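Report on the following structure.
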Amino acid sequence: MPGKLGRRQSGRTKHGKHVTPGSFKVKIKKDDQVKVIAGRDKDKTGRVLSVDRARGRVLVEGVSMIKRHTRPNPSKQVKGGIAEKESSIAISNVMILTSGGTTSRVGYKMEGTGTSARRVRIAKKTGETMDKKA
């Protein structure tokens with residue numbers, strides 16, 4: 001019988017598998033331009049602010065806005081009121097945008113040879129590289 005926190009308090013998902021950090025394949029990074037493809041904010045675009053690899057969620061600028069009611073606290077210089085901030089959405093609900101503005105899946109290819117070889121992200125649809133040159 002689950003406790004007050006519900007089914008997920010034991011660290012298990014709905015189907016009984018353990019959730020371990022890094023258990024989601026994450027091909028989206030911080031500062032990527034993405035488009036929301038499902039949910040209440042469908043067709044909105046924005047920049048990725050953070051990626052939660054353990055939970056498989058991303059925080060996208062201007063997407064999934066929620067209202068937070070805060071009580072004023074003069075000792076901590078906290079002004080009360082209603083603040084709007086972003087809420088995280090599932091990583092499966094976003095797709096990466098290429099520089100041309102088309103959505104694409106992310107693939108990888110090796111660039112360079114020998115010791116200078118490195119794995120770069122590419123857009124599957126157009127073939128252009130997604131990583132900025134370091």
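In this text, all values refer to a predicted model and were calculated from it rather than measured experimentally.
- Minimum heavy-atom separation, E128 to S99: OE1-OG, 3.0 Å.
- Here the side chain of R121 pairs no donor or acceptor atom with the backbone of G107 at under 3.5 angstrom.
- How far CZ of R119 is from CD of E111: 13.0 Å, rounded to the nearest 0.5 Å.
- With rounding to the nearest 0.5 angstrom, the CE atom of M95 is 4.5 Å from the OG1 atom of T103.
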> Where do M110 and R118 land on the side chain to side chain contact (heavy atoms under 4.5 Å, CB included) test, with the steps shown first?
Replying inline: CA-CA 6 Å; M110 295 302 286; R118 62 189 203 107; 5.9 Å; no
Tabulate below the donor-acceptor pairs under 3.5 Å that side-chain atoms of residues 75-89 make, not counting sequence neighbours, or state none.
{"unit_1": "S75", "atom_1": "OG", "unit_2": "N73", "atom_2": "OD1", "d": "2.8"}
{"unit_1": "E86", "atom_1": "OE2", "unit_2": "G62", "atom_2": "N", "d": "3.1"}
{"unit_1": "S88", "atom_1": "OG", "unit_2": "R57", "atom_2": "NE", "d": "2.9"}

> What do the steps show when you test V58 against D52 for side chain to side chain contact (heavy atoms under 4.5 Å, CB included), and what is the final call?
Replying inline: CA-CA 6 Å; V58 289; D52 186 353; over 6 Å; no
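- Taking both residues in full, the closest heavy atoms of I122 and Y108 are given as CG1-N, 4.1 Å, listed atom of the first, atom of the second, then distance.
- The cluster map of Ile, Leu, Val, Met, Phe, Trp and Tyr, joined by side-chain heavy atoms under 4.5 Å apart, puts V26 and L59 in different clusters.
- Applying the 4.5 Å side-chain rule to ILVMFWY residues, one finds I96, V106 in the same cluster as M130.
- Contact detail for V51 and V48: the closest heavy-atom pair is CG2-CG1, 3.7 Å.
- Using a 4.5 Å heavy-atom threshold, the side chains of V94 and I28 count as touching.
- Shortest non-hydrogen contact noted between D31 and R47 is OD1-NH1, 2.7 Å.
- The two residues G112 and A117 make their nearest non-hydrogen contact at O-CB, 3.8 Å.
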Could you give the side-chain donor-acceptor pairs of residues 34-46 under 3.5 Å, partners two or more places apart or in another chain?
{"unit_1": "R40", "atom_1": "NH2", "unit_2": "M65", "atom_2": "O", "d": "3.1"}
{"unit_1": "D41", "atom_1": "OD1", "unit_2": "K44", "atom_2": "NZ", "d": "3.2"}
{"unit_1": "D41", "atom_1": "OD2", "unit_2": "S64", "atom_2": "N", "d": "2.7"}

